[in-house]
Each structure stands twice: as structure tokens, then as C-alpha cells.
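Here is the structure we will look at.
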2 protein chains.
Amino acid sequence: MYTQTRTEIIGKATLRAMITIRELAKASGFSPTTISLVMNKSPAGQHIPAKTKESIRNWARKLGYYPNQFARSLRSSRSGSIAVIVPDVSDPYCAQVLLGVDKALYRSAYLPLLVDIQNSRARFRKYISTLFERRIEGVIAVANSLQLQTEMLDIFANNRIPVAAIGRESSDARINSVSVDNEAGARLAISHLFELGHRRIAFIRGPKAVIDSAHRWLGIVEFAKEVSLPLDSALITQLKDTASSSEGGFEAMMRLLRGGTPFSAVMAFDDMTAFGAIQALTQAGLKVPEQCSVVGFDDIAAAAHFNPPLTTIGQSMEELGKIGVSIFLQAREAQHGRGPGVRPIHRMVEPVLAVRASTARV
Amino acid sequence: MYTQTRTEIIGKATLRAMITIRELAKASGFSPTTISLVMNKSPAGQHIPAKTKESIRNWARKLGYYPNQFARSLRSSRSGSIAVIVPDVSDPYCAQVLLGVDKALYRSAYLPLLVDIQNSRARFRKYISTLFERRIEGVIAVANSLQLQTEMLDIFANNRIPVAAIGRESSDARINSVSVDNEAGARLAISHLFELGHRRIAFIRGPKAVIDSAHRWLGIVEFAKEVSLPLDSALITQLKDTASSSEGGFEAMMRLLRGGTPFSAVMAFDDMTAFGAIQALTQAGLKVPEQCSVVGFDDIAAAAHFNPPLTTIGQSMEELGKIGVSIFLQAREAQHGRGPGVRPIHRMVEPVLAVRASTARV
DNA sequence: TTGTAAGCGTTATCAT
DNA sequence: ATGATAACGCTTACAA
């Protein structure tokens with residue numbers, strides 16, 4: 001094959017191995033301009049005969065011509081890349097969001113640059129220059145965890161790069177966001193338990209610093225008031241760590257059990273917490289859901305496969321990701337259109353109750 | 001701030017917003033050459049006075065100068081990007097490998113371009129041109145699943161782009177690979193059960209088309225022969241789908257239970273399969289591990305959080321990822337050094353037995 | 001020690 | 001309908 005012969009040159013050869021538009025021009029007999037017009041389906045080239053177009057495309061395929069994106073970006077001032085920042089790729093929540101982002105971006109002209117900051121501020125900072133050097137046109141950040149605070153995203157907004165924060169409402173007005181309606185989700189969860197006849201319900205609240213915790217708690221308090229359900233402070237505990245984890249859930253449940261106040265159901269901050277809580281219950285000889293119902297939040301992939309399959313509040317992370325992309329595209333459109341008059345976009349997705357086998361009638 | 005003022009221009013402004021080396025030259029009073037030498041710490045610039053260097057770096061920081069990577073790549077013929085291809089980002093196995101890849105790549109000069117082919121050949125094909133256009137210098141592919149066959153990676157090898165396949169040995173000699181020692185892993189699993197006193201062991205084998213299945217089975221057969229353990233064909237079943245899943249495990253276990261042949265332990269193809277099997281056992285009223293021990297393979301994150309926590313064979317996906325990167329770096333080094341005489345690299349990681357609560361003495 | 005100028009591959013503008 | 005030419009921002013001989 002042609003390209004293979006050319007790669008015999010060693011050293012810096014890697015990129016040179018590809019054929020250039022001028023070489024393609026020479027080989028095909030057309031000029032670089034014509035080729036460019038054809039390859040990009042430019043409006044300016046609409047009067048080029050179909051025969052010519054056909055011929056050029058054939059030559060391109062035959063010689064393996066792939067236009068150099070760097071030259072293109074340099075000329076056009078468009079990088080076609082967008083940063084997707086996640087606190088931790090191996091976290092199932094992030095993974096699901098990523099899936100949605102990817103699906104949505106796939107149809108667009110943008111390529112995602114995945115930045116996994118692994119819960120480290122230092123890593124985040126080190127990536128910033130890389131992203132600027134690559135001239136990213138936007139940022140989509142999964143900001144559900146503590147580690148990726150929206151303030152950190154200010155640097156992008158300062159440089160007029162549109163930012164979409166996923167999973168947490170931003171305090172900065174210039175930062176767009178999508179998140180689940182935490183309050184509504186919490187209501188769904190507690191009302192599910194309430195309808196099953198549970199009256200003595202325990203709560204494992206999320207870390208204080210996570211804004212979602214507060215919103216979810218608000219939903220609980222309001223629902224409780226409406227149906228006159230008393231909230232016993234002996235049945236309320238809080239995750240200690242900054243991040244949620246199965247271990248945290250385990251410990252929280254141990255505290256509740258040691259407390260001695262009886263309860264027939266638990267509402268956990270999220271699924272990981274619920275997993276830990278169920279393990280603690282099982283270990284204490286209590287069967288779920290027969291002796292204690294458990295409900296989680298998030299509906300991560302593992303929830304459905306857990307033993308027992310977990311009843312939880314789904315928030316379609318995939319949807320969050322897709323909306324994140326659409327927000328970016330919209331923001332970018334607005335930026336191009338009128339410049340300054342861009343309003344921040346905030347959207348919420350509706351939570352859904354996924355009833356599985358970890359909850360039962362009293 | 002300077003950069004902000006400049007961005008008032010609308011339209012194509014996004015990339016223009018950044019300052020160029022010439023503007024920095026004008027502002028600082030030094031020439032582009034000097035600046036380039038300083039910013040890149042070029043050997044040629046070793047005699048530039050510290051004072052000048054200092055001054056240039058200060059100006060750069062003050063004006064927010066980030067060298068344009070496109071211009072740089074165009075000039076230097078080095079893209080600094082490498083494709084990381086995964087069958088499915090939301091799969092926990094992939095996620096863990098990705099973590100390792102990312103950690104290893106972070107210290108290198110390369111930026112990963114994540115390609116999630118979502119188990120679709122069509123998506124894969126569509127990405128190929130994007131990757132060539134961006135002039136990737138290498139490919140790291142998680143090839144554990146059926147969906148990403150090593151043959152698909154040939155197109156890169158054909159273009160002299162080093163490829164490292166993770167999770168599956170490649171048949172093509174030009175494709176480097178790292179995988180777990182499946183045979184040794186299977187031995188670990190069965191000998192663990194054997195030592196716990198199990199003699200009637202059931203097996204849920206992996207899909208036929210997955211090469212790992214065969215390797216694991218080989219380990220089983222050899223071990224059985226050594227200790228004269230009879231393998232009862234009534235206790236051997238196989239996943240039907242092309243991919244492994246919790247559902248597949250559930251069905252396989254139902255088949256085994258319906259078969260009526262008694263057994264005290266099951267070895268599942270992988271963790272997801274084990275999850276499904278445990279659910280089936282639980283549903284049938286059998287307690288794990290009291291009435292039936294279960295062992296998985298992979299040690300995905302959820303295994304430790306499962307109920308009961310799953311005994312399984314760990315294969316440090318993170319390690320696989322890191323090795324994948326080191327193989328790429330090595331391959332690239334070799335390519336630069338001597339050109340043709342590059343030997344394919346194949347490495348294996350040792351599996352480890354993670355004993356948790358899903359297995360017990362008979 | 002620092003500056004000048006050419007060229008990387010593409011595309012937009014202007015000619016033909 | 002197609003072609004010549006300049007410019008995008010950077011690096012690197014080579015010149016001063």
C-alpha cells in the first residue's frame with residue numbers, strides 16, 4: 001500500500017506517513033482547492049461536476065487521504081474538541097453520565113477530551129494548560145462530587161469557554177448546569193416507604209458539604225410535615241466522609257442499630273450507601289426487605305444486580321450527559337450569534353422511582 | 001484581563017482569544033525565537049540568561065500565553081495524542097482499565113482520546129477517520145469483549161501505528177498485548193474451592209467465542225486431572241449470549257438447579273455471571289455461602305460491595321492499563337530507534353485470589 | 001545571545 | 001468550474 005511505502009522513513013515519520021492534499025492533487029490531477037471544496041462539501045463547490053467529485057473521492061480513498069486536523073484547526077480557528085471533566089472515571093455514576101455525553105457528542109462535530117481528575121485538585125490544575133493549548137471550545141464537567149467544585153470551573157468561564165456542570169447546580173451565574181431534582185427525588189423515596197406502611201423510618205443523610213444532601217433533606221422534611229410523619233432524631237445519621245461509599249453506609253447503619261431505636265425502613269443517601277447499609281443489616285441477622293426495607297438514590301448500574309436488587313431513585317445519568325451536551329451546543333450557538341447577551345442555562349431532570357426487591361410492605 | 005478584552009470579537013473568536021507568540025514577543029520585547037526556546041526548555045536555549053528566561057515566563061503568565069498545540073503539531077509532526085478504545089465506558093471492567101491507562105498517561109506527554117465504541121462496529125468504523133485526521137501516535141484498546149476484535153485493530157497496525165491490546169491475546173503478530181493469565185486464574189479459583197472441601201463443583205463457562213473462556217477451562221481441566229477430581233458434564237453449562245451478564249448467570253444457574261444434580265459450589269465465568277447466579281440461588285431459597293459457595297472472576301469494583309461480598313479472582317485492571325501504556329511507550333521507542341526491527345510485546349499479569357464471603361468450607 | 005525567514009497542511013480569497 | 005496565493009501560529013536553520 002502506498003502509505004506503507006512512505007512510512008519507511010524513520011524518526012519523525014509517524015505523522016508524515018499520511019498523504020497531504022498537495023500530493024493528492026498531484027496524483028489526481030486536480031488542484032488542492034478543488035479537493036478541499038469537495039472533501040468539505042463546501043457551498044462554494046456546489047457547481048463542481050459530479051464526475052470530478054467522484055473521481056476525487058476515489059483517489060482520496062485509494063491513497064488513504066485523511067485531512068490533517070491540525071492544519072485545519074490552525075486555519076479555521078476551530079479545534080472541534082471539548083473537555084469532559086470527571087472526578088473519577090471508575091465511579092459508576094460518572095461512567096453513566098459519560099455514556100450519555102458520548103452518545104450525544106457522537107453525532108456532533110466535536111471530539112471529547114476526557115479529563116479524569118481522580119479527585120485531585122493538583123491533577124485538575126495540571127490539565128488546565130493542556131486544555132488551553134488544545135484550544136477546547138467547551139467544558140462539560142461532572143460536578144456531583146465534592147472534589148470538582150464549580151469554582152474550579154471559573155477559569156474556563158473567565159476565558160469565555162462555555163461550561164456545563166452536570167449533577168450539581170452552580171453558584172456562579174456564568175456556569176450552565178443540569179441536575180436531578182433532588183427534592184422531588186427524596187419525596188418519591190419517602191412517599192414510597194410511607195405508602196408501604198412504614199412509619200418508623202431511619203435516614204442516612206449525605207455529607208454536609210454536598211449540596212444535594214440539603215436538597216434531598218428538604219424534600220423529606222416537607223413530605224413529613226404534609227403527612228404529619230414525625231422525624232425521630234435518633235433515627236437520623238449522617239455520612240462522615242466527604243465522599244459517599246459502601247463503607248460509610250455500613251458504619252452509619254451500625255450506628256443506627258447500636259442506637260437501639262426500632263425502625264422498619266431506611267432511606268440511604270445514595271446507592272453505594274445503601275449497599276453498605278444492607279450488608280450491615282444482613283450481618284446483624286436482619287433480612288432485607290422482610291425485616292427492614294432499604295431505598296437508595298441514583299440507580300447506578302449495580303443497583304439492579306445487587307442482592308436483593310435495590311429499590312432506588314433513578315436519575316438517568318445518561319440523560320444528564322445528553323442534556324449537558326445540548327446545553328453546551330446551545331451556549332455555543334448563543335455565543336456565536338450575539339456575543340455578550342448570553343443567559344445561563346439551568347435544567348433539571350425528573351427523578352423516577354425504580355421499585356425492586358429491597359422494599360416491602362410492613 | 002487582557003484575554004478577556006480580546007474576546008469581545010465575536011464569531012470565530014473562540015480560538016483567536018488566545019495570545020500568540022508574536023504578540024507575546026511584541027509585549028515582552030523579545031523575539032519569538034527566544035520565547036520558543038525558553039518555553040520549550042530547548043537545549044539550544046541553554047545559554048539564555050536566567051534573567052531573560054524569568055522575564056519571559058512572567059510575561060507569559062501575565063498575558064495568559066498558551067502555545068497553540070495545532071501550530072506546534074503541524075510544525076513538529078507530533079500530535080501527542082493516543083487513542084484509547086473501549087467497548088463500553090460504563091462497563092466496570094473497562095472503567096478500571098481506563099483508570100490505569102489514565103494514571104500512566106498522565107505522567108507522559110500524551111493525551112488520551114477516549115473512543116467508546118459502545119459495542120458497535122459501525123461506531124468503530126466511523127471513529128477511524130477521526131483518529132487518523134488527528135494523527136494519533138498509538139492505540140490502546142481494551143479488547144476483552146467480543147465486540148472489539150483484534151482484527152479490527154489491524155487497520156492501525158497497517159498504518160504503522162503501534163497498538164496495545166488489553167485483556168486479550170492477539171492473533172496478529174504486529175499487535176502487542178497484555179492480559180491476565182487466565183489459566184492460572186482458573187486454577188486459583190478451583191483450587192480454592194477444592195481446599196475448602198468442595199468436590200461437586202458446577203461450572204458456568206464463558207461464551208465460546210471469547211478466547212478467555214477456553215484458557216480458563218484449560219486451567220480447570222488440568223487441575224482436575226492433577227487432583228483426580230471428576231468433572232461431571234451435568235454440572236457444566238455455558239453462557240449463551242455473546243457478552244457476559246448478570247442475566248446470563250441467572251439463567252445458567254436456573255439450568256443447573258433444574259438439572260437436579262447436587263453441587264456445593266459454583267465457579268462462574270466472571271463476576272457479573274456470579275452476581276446473577278447468586279440471585280438465582282437466593283431466589284431458590286439456597287443461602288450463599290452456607291449451602292453453596294460461589295466464586296467469580298475479574299474482581300470488578302462491585303464484587304467487594306456485593307451481598308455477600310464475592311470471592312473472586314482479581315486481575316488488577318489498573319495494572320493492565322498501566323502496562324498497556326508502557327507497552328505503547330516501548331513500542332514507540334523501538335519504532336523511532338530502528339524502524340523495522342520491532343518485535344511484538346506480549347505480557348501477562350498474575351491473577352490473585354480475593355477471598356471474601358461467598359465461599360465457605362463444606 | 002538574539003533575530004529573520006521558511007515551511008508544516010489546510011482553507012479562503014481572488015483570478016481566470 | 002478550477003487554480004494560484006496568502007495566511008493561520010509555531011519551530012528551527014541560519015544569520016547577525
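Just so it is clear, the structure is predicted and the values come from calculations on it, not from any experiment. Every heavy atom of this structure was used, including side-chain atoms; hydrogens, water molecules and symmetry mates were not.
Rounding to whole angstrom units, CE of residue Met39(A) and C1' of dT10(C) are separated by 12 Å. Atoms CZ (Phe70(A)) and P (dT11(C)) sit 14 Å apart, rounded to a whole Å. The separation between Arg135(B) atom CZ and dC8(C) atom P is 14 Å, rounded to whole Å. Here dG9(C) presents its P atom at 16 Å from CZ of Arg75(A), a figure rounded to the nearest Å. Whole-Å rounding puts the Leu24(B) CG to dC10(D) P distance at 9 Å. One interatomic measurement links the two molecules: CZ of Arg72(B) to C1' of dC8(D), which rounds to 16 Å at whole-angstrom precision. Computed from coordinates, the Leu37(B) CG to dT12(D) C1' distance equals 9 Å when rounded to whole Å. The distance from atom CZ of Arg22(A) to atom P of dG7(C) is 11 Å, rounded to the nearest whole Å.
For the OP1/OP2 pair of dC10(D) and a distance below 4.0 Å, the side-chain nitrogens and oxygens of Tyr65(B) include at least one atom meeting the criterion. The phosphate of dC8(D) (OP1 or OP2) has no side-chain N or O of Asn68(B) nearer than 4.0 angstrom. Residue Ser31(A) places at least one side-chain N or O closer than 4.0 Å to OP1 or OP2 of dG3(D). For Thr34(B), a side-chain nitrogen or oxygen approaches OP1 or OP2 of dG3(C) to under 4.0 Å.
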Donor-acceptor pairs under 3.5 Å, side chain of residues 41-53 of chain A to any protein atom, not counting sequence neighbours: which ones?
from     : atom 1 : to       : atom 2 : distance (Å)
Gln46(A) : NE2    : Pro43(A) : O      : 3.2

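Which of dA12(C), dT12(D), dG9(C) sits closest to the side chain of Thr33(A) comes down to dA12(C). With dT11(D), dG9(C), dT4(C) as the candidates, the nucleotide lying closest to the side chain of Ile21(B) is dT11(D).
Nucleotides of DNA chain C nearest to Pro32(B) and Ser36(A) differ in position, and the one nearer the 5' end is that of Pro32(B). Across the interface with DNA chain D, nearest-nucleotide mapping of Leu74(B) and Ser42(B) shows Leu74(B) to be the residue nearer the 5′ end.
With sequence neighbours excluded, the residues forming a side-chain contact (heavy atoms from CB on, under 4.5 Å) with Ser28(A) are Phe30(A), Ile35(A), Trp59(A), listed by chain and number.
Because its NZ or CZ atom is not both nearer than 6.0 Å to the ring centre of Phe70(B) and within 45° of the ring axis, Arg135(A) does not count as a cation-pi partner of that residue.
Of all non-hydrogen atoms in Gly64(A) and Met18(A), the two that sit nearest each other are O-CE, 4.0 Å.
Listed in residue order, the members of residues 48-58 of chain A having a heavy atom less than 4.0 Å from DNA chain C come to none.
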*In sequence, state the C-alpha distance, the side-chain angles, and the governing distance for Ile85(A) and Tyr127(A), and then conclude on side-chain contact (heavy atoms from CB on, under 4.5 Å).*
CA-CA 10 Å; Ile85(A) 308 181; Tyr127(A) 267 113; over 6 Å; no
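Side chains of Asn176(B) and Arg347(B): no donor on one and acceptor on the other come within 3.5 Å.
Looking at Val101(A), Leu99(A), Val97(A) one by one, the single match for side-chain contact (heavy atoms from CB on, under 4.5 Å) with Glu318(A) turns out to be Leu99(A).
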